[in-house]
Amino acid sequence: MTPCPNSYFARDTLEVAHDLVGALLVREDPAGNREPLVGRIVETEAYTQDDPAFHGWNLYDEETDTVRSEGRGADLFTAPGLGYVYLCYGVHWLLNVVTEPEGTGGAVLIRAVEPQSGIDRMRSRRGDRRERDLTNGPGKLTEAFDIDEAFHQTSLTESPLFFVADALPDSETIVTSSRIGISKAVERPWRFFVEGNRFVSPATPSAQKA
DNA sequence: ACGAGGATGCTCT
DNA sequence: GAGCATCCTCGTG
């Protein structure tokens, strides 16, 4: 269980978003008394600094190669491997990990995981429902994993919350589609997910080969 | 299965 | 005051 290091995230955002599909998301109990919560990531989305759907859109000035440090989106230009966690629709926390070298904007949204360990505790947090409904959406998995603003701008390369790289089995294929729930740059195929996996979020635009 | 509508709070204009 | 990187419940087929 070696966490993905900062260098893993200091890469092209599309590559990181692709490679995180199949990786594990691990949430350890700080006290160490209980087994960790573990989910295998089956769906991600990429957001980049030249992307109108990006929260830090237009903070980067190409002419002067500088970044305006105003507002929420500025945290997307911080060091790779940090958390970017924000409240969506006033209701749900969404988990992103910052990508690209510091000073370049980028993040990967974790949209769905397949529970692997700690399922009983996920269900106790989420309510008694089908296993696939515990974590098949970006707001659902943060509730199942007890992730909120406390992880904003904290390191996601060490306990208690980190990623572990893992390859997909031969039986599974990564495909892409347009991203979910955005109104700008909707044509960019920057959603990555495991084809046919039942833990992928319900909204599923037509897929293309990754 | 599928669609409509409401909850709820932060950010930016 | 509008617009969200969403989810849940409750209708109707």
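Residue numbering restarts at 1 for every chain, and letters A, B, ... go by the order of the sequence lines.
Under 4.0 Å is where a charged nitrogen must lie from a carboxylate oxygen, and between A:Asp128 and A:Arg123 at least one such pair does. Between A:Arg11 and A:Asp19 there is a salt bridge, since a side-chain N of the basic residue sits under 4.0 Å from a carboxylate O of the acidic one. Using a 4.0 Å cut-off between a side-chain N of Lys or Arg and a carboxylate O of Asp or Glu, A:Glu143 and A:Arg126 qualify as a salt bridge. Salt bridge status for A:Glu45 with A:Arg111: present, with a side-chain N to carboxylate O gap under 4.0 Å.
A heavy-atom distance below 4.5 Å is found between the side chains of A:Tyr84 and A:His152.
Between the CG atom of A:Asn136 and the CD atom of A:Glu43 there is a distance of 8.5 Å, given to the nearest 0.5 Å. Taken from CH2 in A:Trp57 to OG1 in A:Thr48, the straight-line distance is 8.5 Å, to the nearest 0.5 Å. Atom CZ of A:Arg188 and atom CD1 of A:Ile182 lie 9.0 Å apart (nearest 0.5 Å).
Taking a 4.0 Å limit (strictly below) on heavy-atom distances, residues 127-146 of chain A reaches DNA chain C at A:Arg129, A:Gly137, A:Pro138, A:Gly139, A:Lys140. Contact check of residues 71-95 of chain A against DNA chain B (heavy atom, cut-off under 4.0 Å) returns A:Gly71, A:Arg72, A:Leu87, A:Tyr89, A:Gly90, A:Val91.
For the pair A:Glu149 CD and B:dG9 P, the interatomic distance rounds to 12 Å; values are reported in whole Å. Atom NE2 in A:His55 sits roughly 14 Å away from atom C1' in B:dG9 (whole-Å rounding).
Under the rule for a ring-ring contact (aromatic ring centres under 6.0 Å, His included), the partners of A:Phe9 that lie at least two apart in sequence or sit in another chain are A:Phe163.
Screening residues 113-122 of chain A for side chain to side chain donor-acceptor pair (under 3.5 Å) gives A:Glu35-A:Ser117, A:Arg40-A:Glu114, A:Glu114-A:Asn197 as the qualifying pairs, with residues at least two apart or on separate chains.
The outermost nucleotides of DNA chain C lying under 4.0 Å from heavy atoms of chain A, listed 5' to 3', are C:dC4 to C:dC8.
The ring of A:His55 has its center no closer than 6.0 angstrom to the ring center of A:Tyr47.
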Watson-Crick or G-U pairs under 3.5 Å in DNA chain B, rendered as dot-bracket with [ ] for crossing pairs and | for another strand:
|||||||.||||.
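Note on A:Leu141: it does not cluster hydrophobically with A:Phe199, by side-chain heavy-atom contacts below 4.5 Å among ILVMFWY residues.
Taking the ring axis of A:Tyr60 as reference, the NZ or CZ atom of A:Arg68 does not stay both within 45° of it and closer than 6.0 Å to the ring centre.
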